Number of protein chains: 2
Amino acid sequence: MPTLADVAREAGVSKATASRAMMRPDMVAAPTLERVREAAQRLGFQPNRAARALTTGRTGLLGLIVPTLANPFFSPLVLGAQQAAEDTDSHLLLGVSEYDPEREAVLAERLGEQADGLVLVAPVGDDRTLRALARRRPVVLVDRRVGRLPAVVLDTASGTAELVHHLARLGHRDIAYLSGPPGSWADRERRSAGEEAAAAHDGRLHVRGPLPPTYDAGVAAARDLPPAATAVVAYNSYLALGLLHGLGAAGLRVPEDLSLAAADDLTALGATDPPVTALDVPVAEAGALAVSRVLQAGTRPAATTRLATRLQPRGSTTRPGHPD
Amino acid sequence: MPTLADVAREAGVSKATASRAMMRPDMVAAPTLERVREAAQRLGFQPNRAARALTTGRTGLLGLIVPTLANPFFSPLVLGAQQAAEDTDSHLLLGVSEYDPEREAVLAERLGEQADGLVLVAPVGDDRTLRALARRRPVVLVDRRVGRLPAVVLDTASGTAELVHHLARLGHRDIAYLSGPPGSWADRERRSAGEEAAAAHDGRLHVRGPLPPTYDAGVAAARDLPPAATAVVAYNSYLALGLLHGLGAAGLRVPEDLSLAAADDLTALGATDPPVTALDVPVAEAGALAVSRVLQAGTRPAATTRLATRLQPRGSTTRPGHPD
DNA sequence: ATGAAAGCGCTAACAT
DNA sequence: ATGTTAGCGCTTTCAT
């Protein structure tokens, strides 16, 4: 591996100038710059990251901690994060906590020590722990808020309200909500936003659950829907998918007998029969934004950004009491 | 952040001794060791990885490149890799290629520059590119073989043969094989192993496909099964799941009318109705093994390890012409 | 605009 | 068993 010294010699300049040519090209005369670049090119020079880190204190690494990968939410998230990292010439250090707060804390500690910052996606640790973590290095939370820590939030709460508005506009007043996992922050947000929206239309949100956010739970839920409900909003895609299936098995037609919508769209709900009205959630953007935020830590004031979801009205929602 | 010099001073020894206490505790007298450890503890000393990397040439980083995360194969794989990395105090640098050979090569180049080695999972690049990559740094392949490059292979080929043997023992002679994605190395291996196994029983493997390895393709495939076949082996779980559903829709019962098996078990095939006979694939072990292998590069001779799958006979396979 | 030199924190000969 | 010393490759004052 050629070093900067090699490049400098090859270009007939000092190491300092060669270094400047890479870091601050504006401080170097055009012809010199050219010569250094050519030399670097010719030798296939790659700056040694460790050496750079030692002097600058920045490693170019970013810790990304997720609770799991076995969930379609995290794949686009990671992709978005990767893109943003690439754009700033950084790399992602991955940690999977498996929803274990202790493991999460250990990973954060270990990765954080070596990274320029940490992105914690839907962290399971308690507020105190997260605050302590954030004191030691730049941290950006995704899909979780803790005091005024910088965070990127997917606004599925407003989205759920939109879903309810959409149903209310169609004429629904009694709407069931299939609640997500117990203790889930996102679920609480969606539910209360939905309740508020329903109330605004003199309607009511009948909550069922909490339920595990799985296909099977959705299937089972089909047998226990609030009798009054003419429409259902499911906490997520899996639940909606299972419900759609369970409803079919029970002889109920969607949307003729019951309208159905989901508060995310992570499993191609547009391809079911009928296609299911859902919320398009900008997950990749959230990943990208979180990464670029944590990289700019210090530069910008900490803040929480809510990323809006987009309502995708599809065939599964229609007027109540819809004739065939 | 306290440095080694601080620890040394606190313990009343030289930096060298302090360093040895961490790296080679056996070279330090017990009481000294004790003092250094206490000092480090007291100060909350964390070795600076960059500095260490600069002297040793080892970063403690490992590149892990996968084609996607949106596939249940990669989640346990990454978990296994993470565990092995943790055990050796290394960290994982993640790269997702999205099945793009060029992107894969770029990621490998960029991550590899900074990592002690690279684990390429089911890489999509051509042999030449992979060979070139492996010349520049330690590389371990997972689920792909290229010449004599070190590799960890999940032996679903033998597993598929076992599946066919299992069916043949039950009396099946005409077995359909739902082939996976075109050009897939794994698919070719499974198919030809299955053909061989069928031939060994004077049976025949009727190949359908190539097919995209998706649920939908499985559903569709239900309408185009070889008429003679009394059993079907699907390339993977998704195809099997879709097929199961498609068969049900077509009024065919499993296993009464048709036996069904899958060459992996990534989607809880044991929980369907009926549960589907499948291959339990040790994916996490593969990830862990690949990581520990690449870390020992140089120490051990390069080799390919085949990890055996385990046949899980379940309710979906029975004798042909089985009376209700 | 460029160069000389110091130093980031650590490890590894080499002495003792 | 421990200390001394010389870098690893880079960035960054500080001079010029």
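Keep in mind it's a predicted model, so treat the numbers as computed, not measured.
For the side-chain hydrogen bond (donor to acceptor under 3.5 Å, both in side chains) test, residues two or more places apart in sequence or in another chain that qualify with A:D6 are A:R9. Residues forming a side-chain hydrogen bond (donor to acceptor under 3.5 Å, both in side chains) with B:R144 (at least two apart in sequence, or on another chain): B:D127. Take A:R110 and apply the side-chain hydrogen bond (donor to acceptor under 3.5 Å, both in side chains) test, not counting sequence neighbours, and it matches B:D89. Scanning for salt bridge (charged side-chain N to carboxylate O under 4.0 Å, His left out) contacts around B:D187 gives B:R191, with sequence neighbours left out. Contacts of A:Q83 classified as side-chain hydrogen bond (donor to acceptor under 3.5 Å, both in side chains), with partners at least two apart in sequence or in another chain: A:D87. Taking the salt bridge (charged side-chain N to carboxylate O under 4.0 Å, His left out) definition, one finds that B:R188 meets it with nothing, sequence neighbours left out.
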Q: Quick one, give me the B/S/- string for nucleotides 10-16 of chain C, reading 5' to 3', where B means a protein heavy atom under 4.0 Å from the base and S means that only happens at the primed atoms, P, OP1 or OP2.
A: BBBBB--
Scan the side chains in residues 24-39 of chain A for donor-acceptor partners under 3.5 Å anywhere in the protein, sequence neighbours excluded, and list what turns up.
from: A:R35; atom 1: NE; to: A:A11; atom 2: O; distance (Å): 3.2
from: A:R35; atom 1: NH2; to: A:A11; atom 2: O; distance (Å): 3.0

Please list every donor-acceptor pair under 3.5 Å in which a side-chain atom of residues 128-136 of chain B meets a protein atom from a residue at least two apart or in another chain.
from: B:T129; atom 1: OG1; to: B:D126; atom 2: OD1; distance (Å): 2.6
from: B:R136; atom 1: NE; to: B:E109; atom 2: OE2; distance (Å): 3.3

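Using five terminal pairs a side, the axes of the helix from C:dA1-D:dT16 to C:dT16-D:dA1 at its two ends make an angle of 30°, given in steps of 10 degrees.
Put simply, chain B comes within 4.0 Å of DNA chain D, heavy atom to any atom, from D:dA1 to D:dG9, going 5' to 3'.
Considering every non-hydrogen atom in both B:A18 and B:L4, the closest pair reads CB-CD1, 3.9 Å.
Pairs of residues two or more places apart, or lying in two chains, that qualify as side chain to side chain donor-acceptor pair (under 3.5 Å) and include a residue from residues 52-73 of chain A are A:T59-A:D116.
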